[in-house]
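See structure below.
Everything numeric in this text was worked out from a predicted model, so none of it was measured. The basis for the numbers below is simple: all heavy atoms, side chains too, and nothing from hydrogens, waters or symmetry mates. Whatever order the structure lists them in is the order used to number ligands and atoms, beginning at 1.
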Amino acid sequence: MKIFINGKYFNEKTATVSVFDHGLLYGDGIFEGIRAYNGRVFKLKEHIDRLYNSAKALLLTIPMTPVEMTRAVVETCRRNKLRDCYIRLIVTRGPGSLGLNPNRCKNPQVIIIADKIQLYPPSMYQKGLDIVTVPTTRNLINAVNPAIKSLNYLNNILAKIEANIAGVEEAIMLNAQGFVAECTGDNVFIVKGDELLTPPLTAGALYGITRGTVMQIGEQVGLRVRETDLTRYDLFVADECFLTGTGAELIPVVKIDGRVIGNGKPGKLTKELVRRYHDLTQSTGEPIYK
Ligand code: PMP
């Protein structure tokens with residue numbers, strides 16, 4: 001495997017960063033998870049835009065232009081001869097001193113890894129997930145805004161640990177007001193009547209790229225798509241529920257906190273959205289091989 005670090009390609013064993021990197025010491029950095037399907041990088045512009053927005057929020061200067069970054073992502077896939085893969089794009093604050101002052105870090109590190117990923121076993125996509133809400137509250141938007149895709153995922157990891165303890169794969173995180181924010185690595189949607197509903201970013205969610213795509217597809221299939229605050233009750237009485245994320249794609253949810261959602265099987269509209277999302281991934285994106 002060839003891994004991109006600051007413009008050069010390294011083998012897995014030699015692809016290393018400094019132990020003084022503030023990405024390691026403090027989670028000070030940002031990342032993107034991107035997928036390529038059928039020889040094309042899906043929604044690459046959206047991921048690059050979000051990366052640069054995350055950088056702006058952290059006052060982190062990325063030492064490459066968005067055009068150079070786009071080329072580097074495509075080139076990393078090409079060098080690894082990949083057509084279907086998961087790409088992890090990371091920008092760390094870079095090596096500094098043991099103090100946390102980011103001004104001491106003069107060389108942000110850009111890392112691109114292209115590999116395979118399978119978040120959930122295929123049977124879970126067929127049967128749907130059984131998930132729970134967890135005690136760990138999603139980060140406050142005025143503390144570490146969940147809109148920033150930072151390397152600091154401890155909030156999400158604590159929630160994932162609670163999901164593990166409960167014996168399930170994923171956790172729904174609520175915000176400090178008790179409204180649904182998102183899952184540890186996915187956004188949440190429900191179908192209720194002819195509406196497709198998802199929490200707004202102000203509820204403490206990442207502006208998910210899959211979320212945005214699914215909102216567009218939802219409109220195409222005639223659903224009324226709306227961002228609105230949701231309570232646990234709204235989830236329990238939903239007709240259908242599913243999660244979205246680049247890694248997870250669309251995955252149905254059939255049980256939440258012991259309450260069966262709809263008829264306990266992946267919903268009809270969820271399946272239609274999955275089908276259309278899949279079609280889109282196979283036919284659009286930035287070509288890797290020209
Ligand atoms: N929320 C969180 C916390 C995430 O980490 C992710 C990405 N894995 C998502 C939502 C989904 O975002 P996207 O569709 O852009 O991958």
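Within 4.0 Å of ligand 1, heavy atoms belong to protein residues Arg50, Arg138, Lys149, Tyr153, Asn156, Glu182, Thr184, Gly185, Asp186, Asn187, Leu206, Gly208, Ile209, Thr210, Thr244, Gly245, Thr246.
Among residues at least two apart or in separate chains, salt bridge (Lys or Arg N to Asp or Glu O under 4.0 Å) pairs with a member in residues 82-105 are Asp28-Arg93.
Remark: Arg211 engages Glu227 in a salt bridge, criterion side-chain N to carboxylate O under 4.0 Å. The pair Glu272-Lys268 does not count as a salt bridge, with every side-chain nitrogen at least 4.0 angstrom from each carboxylate oxygen. Look at Glu75 and Arg79 and you find a salt bridge, because one of the NZ, NE, NH1 or NH2 atoms lies within 4.0 Å of a carboxylate O, short of that distance.
Grouped with Val91 in one hydrophobic cluster are Phe4, Tyr9, Ile30, Ile34, Val41, Leu44, Ile48, Leu51, Tyr52, Leu58, Leu60, Ile62, Met64, Met69, Val73, Val74, Ile87, Leu89, Val110, Ile112, Ile148, Ile288, Tyr289, the linkage being side-chain heavy-atom contacts under 4.5 Å among Ile, Leu, Val, Met, Phe, Trp and Tyr residues.
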Enumerate donor-acceptor pairs with a distance under 3.5 Å from any side-chain N or O in residues 178-190 to protein atoms, sequence neighbours excluded.
from: Glu182; atom 1: OE1; to: Leu206; atom 2: N; distance (Å): 3.1
from: Glu182; atom 1: OE2; to: Arg138; atom 2: NE; distance (Å): 2.7
from: Glu182; atom 1: OE2; to: Arg138; atom 2: NH2; distance (Å): 2.9
from: Thr184; atom 1: OG1; to: Glu170; atom 2: OE1; distance (Å): 2.8
from: Thr184; atom 1: OG1; to: Glu170; atom 2: OE2; distance (Å): 3.1
from: Asp186; atom 1: OD2; to: Tyr120; atom 2: OH; distance (Å): 3.4
from: Asn187; atom 1: ND2; to: Leu206; atom 2: O; distance (Å): 3.1

